[in-house]
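For this chain, numbers begin at 1 and follow the sequence in order.
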Amino acid sequence: MPTETFEFQVEARQLLQLMIHSVYSNKDVFLRELVSNASDALDKLRLEALRDDTLDADVSDLHIEIETDGDARTLTVRDNGIGMSYDEVGQLIGTIANSGTARFLKELKETKDAAGDAEGLIGQFGVGFYSAFMVADEVTLLTRRAGEKQGTRWSSRGEGTYTLQTVDDAPQGTSVTLHLKPADPENQLHDYTSEWTVRDIVKRYSDFITWPIRYVRKAADGDDTPEPETLNSMKALWARPRDEVSDDEYHELYKHISHDWRDPLETIRLQAEGTFEYQALLFLPSHAPHDLFTQGYKRGVQLYVKRVFIMDDCEELLPPYLRFVKGVVDAADLSLNVSREILQQDRHIRMIQRRLTKKVLSTVKDLMNKDTERYAGFWREFGAVLKEGLVTDADNRDAILAVSSFASTHSAEEPTTLKAYVERMKDGQEDIYYLTGESRQAIENSPHMEAFRAKGIEVLLLTDPVDEVWVDAVGSYEGKKLRSVAKGEIDLDGKDEEAAETGRSEEYAGLLDWMKERLAEDIKEVRLSNRLTVSPACLVSDAHDLTPALENMYRAMGQEVPRTKRILELNADHPLVKGLNQAWRDDKDREALAETAELLHALAVLAEGGQPKEPARFVKLVADRLERTL
């Protein structure tokens, strides 16, 4: 058959060069990646054979084989799994169809001198096949898709091109042959034709894989071919007693299924017996993946039925707000040909989800109570995701609140729980106060905080986008209403001040009515404020109105919401407001006063991080006023 030569996609070519020339502290990961790819191919064939009775494929002895040849300096990783067609080889290996590729290249460049982390990037972005070029001068792949008659040979030296050829005698599955570079111990390039090197890598990385990994050393001329020897235990870690499994083994399983190069934060085991049996092994990651909040993020855990792999990323086993959890669930009583549609209707799956959710939340609570440092790391990475459950999961809302913590004015460093906040509440305080914003600094500098700061009343400082939503969904905690300091009327002075406030309102009544009329396009009310001590004015929302941030959030999601007019509050003790009121009472130039009122409103918008409706006009008004002072 004719051989065709193709050029790699630009990104693939860049990646190959970085793979070949970058310095890694541990080049052994190439074998881990090739074995994992082979394991995935076997899983896919087993599943395909269960779903399609007509598939012409041999599934009697599914296995992975590693063969070394010291004389030829080759290492071959072979499987009899699903294989690839001619077109699939070109698509999967000639290009990198991965939205994270650009980020991978950037991080690889940044970390190529950081020996401790660089090798983990390979698995993180699903480009494990290319890692072979770290240790090989040339890579040859021979594959035939199960059910097809012809196979495909792919070959490349990693220099920008690859060849493809159709072959007639390819066995089912895929074999990857590496023509190895010379061993170079100084650069951590080991002799990968050594039996003990291969044994060590397989034991370290792939002992948990459920398919047999057989080692074959190619016999010298005239010698009998040695019997293949199985290198891995093939024992599913989730089915083995806890005292028989080391933390390192759990960590390697996590890395295999999550493509994370770091150890997990916590391992969670769960076993249910009785009318419906299942086993689960879950992991809390130590760091959030870069695409956790993107639309295409793959969430869910692996689903097995009686040790048979069914699907990756089974979303039905955990709610979306626990999408960062990785792991395996092995059920005993589900059908092997279960589909996603069936899973959505299956009461057993719903029962598993409820149990797993409660177990994850109780594990986080244990972290909070017993290991505050690790809990703090978890909350820093995943708190914003977990709080989504306060909106979507009413059944577990109390459990989520119990493991949630928030920044507050009580401490610049340590977050607080709602329980601790309630215990510190001042005598007579009836509400839990909070303020949302883009950052702690922006919130602390907000004029809405002035009276609370002056009176020493604690305020929760909420900076995650989801905070705009969950506070309304939750509403209260232990009978204490959650109340925004930027919404509704705030009365921190008590009844003793009512008479004085009534007299002041009468004094400013004319100015307030006039400003409301002049600013009617932008505001629905002007009133005196009980929350300002330093600033002249601020904008607040009515108790049941959407905040500007929430309006923007809905619009970003494509939902049209009507523009909500705000309330302008004035600080009657501020010289600017006093002067404006006196000028209005003296019936001075109303047009000039109107400009002052407009500027006062714009200053309130700026103070909360917004932008004046007409920035150019605002700049002109300020410039004119400054000119008059010279």
Is the backbone of [Y] close enough, under 3.5 Å, to the side chain of [X] for a donor and an acceptor to pair up by distance?
X	Y	result
D260	R262	yes
R153	V167	no
N80	D61	yes
S39	V35	no
E249	S246	yes
R144	A170	yes
R323	L292	yes
D69	A72	yes
R299	E315	yes
Q353	E316	yes

Scan side-chain atoms only and decide if [X] and [Y] contain a donor-acceptor pair under the 3.5 Å cut-off.
X	Y	result
D43	W211	yes
S286	E381	no
Y192	D28	yes
D58	S60	yes

Candidate pair L386 and L361, rule side-chain contact (heavy atoms from CB on, under 4.5 Å), full reasoning:
CA-CA 10 Å; L386 199 63; L361 293 176; 4.1 Å; yes
May I have the step-by-step check of side-chain contact (heavy atoms from CB on, under 4.5 Å) for W379 and K387, ending in yes or no?
CA-CA 10 Å; W379 188 257; K387 284 186 289 187; 3.9 Å; yes
Could you state the interatomic distance from [atom1] ([X]) to [atom2] ([Y]), rounded to the nearest 0.5 Å?
X	Y	atom1	atom2	answer
I64	N37	CD1	CG	9.5 Å
I352	F276	CD1	CZ	4.0 Å
D40	L45	CG	CG	12.5 Å
I66	R199	CD1	CZ	11.0 Å
T140	H179	OG1	NE2	4.0 Å
K181	F133	NZ	CZ	9.5 Å

Chi angles and distances behind the side-chain contact (heavy atoms from CB on, under 4.5 Å) call for V329, C314
CA-CA 9 Å; V329 172; C314 183; over 6 Å; no
Side chains of [X] and [Y] in contact at under 4.5 Å (non-hydrogen atoms):
X	Y	value
R355	Y278	yes
K326	L282	no
L284	V364	yes
R242	T267	no
D200	V202	no
L265	F382	no
L142	P171	yes
T392	P320	no

Which atom pair, heavy atoms only, marks the closest approach of [X] to [Y]?
X	Y	answer
L34	L178	CD1-CD1, 3.9 Å
T152	Y86	OG1-CA, 3.3 Å
A41	D79	CB-OD1, 3.9 Å
T54	D52	OG1-OD1, 2.6 Å
L231	Y215	CD1-CB, 3.6 Å
L189	M134	CD1-O, 4.1 Å

Assess whether atom CD of E373 is packed by more than 12 heavy atoms of other residues, nucleotides or ligands within 6.0 Å.
no
Between R240 and S233, is the side-chain contact (heavy atoms from CB on, under 4.5 Å) condition met? List the steps.
CA-CA 11 Å; R240 293 162 61 184; S233 69; 4.0 Å; yes
Is there a side-chain hydrogen bond (donor to acceptor under 3.5 Å, both in side chains) between T174 and T143? Walk through the geometry before answering.
CA-CA 4 Å; T174 302; T143 184; 2.9 Å; yes
Knowing that exactly one of Y254, F378, W238 qualifies, which makes a ring-ring contact (aromatic ring centres under 6.0 Å, His included) with F283?
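Among Y254, F378, W238, the one that satisfies the ring-ring contact (aromatic ring centres under 6.0 Å, His included) with F283 is Y254.
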Verdict with supporting geometry, E138 and R157, salt bridge (Lys or Arg N to Asp or Glu O under 4.0 Å)
CA-CA 4 Å; E138 182 178 357; R157 298 184 63 85; 3.5 Å; yes
For the pair D87 and R145, find out whether any cationic side-chain nitrogen is under 4.0 Å from an anionic carboxylate oxygen.
no
With a 4.0 Å cut-off on N to O distance, would you call K255 and D263 a salt bridge?
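Yes, charged N to carboxylate O under 4.0 Å.
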Which residues pass the salt bridge (Lys or Arg N to Asp or Glu O under 4.0 Å) test with D393, not counting sequence neighbours?
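Checked D393 against salt bridge (Lys or Arg N to Asp or Glu O under 4.0 Å); zero matches.
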Salt bridge (Lys or Arg N to Asp or Glu O under 4.0 Å): which pairs involve residues 184-193, sequence neighbours left out?
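Matches after skipping sequence neighbours: R73-D191.
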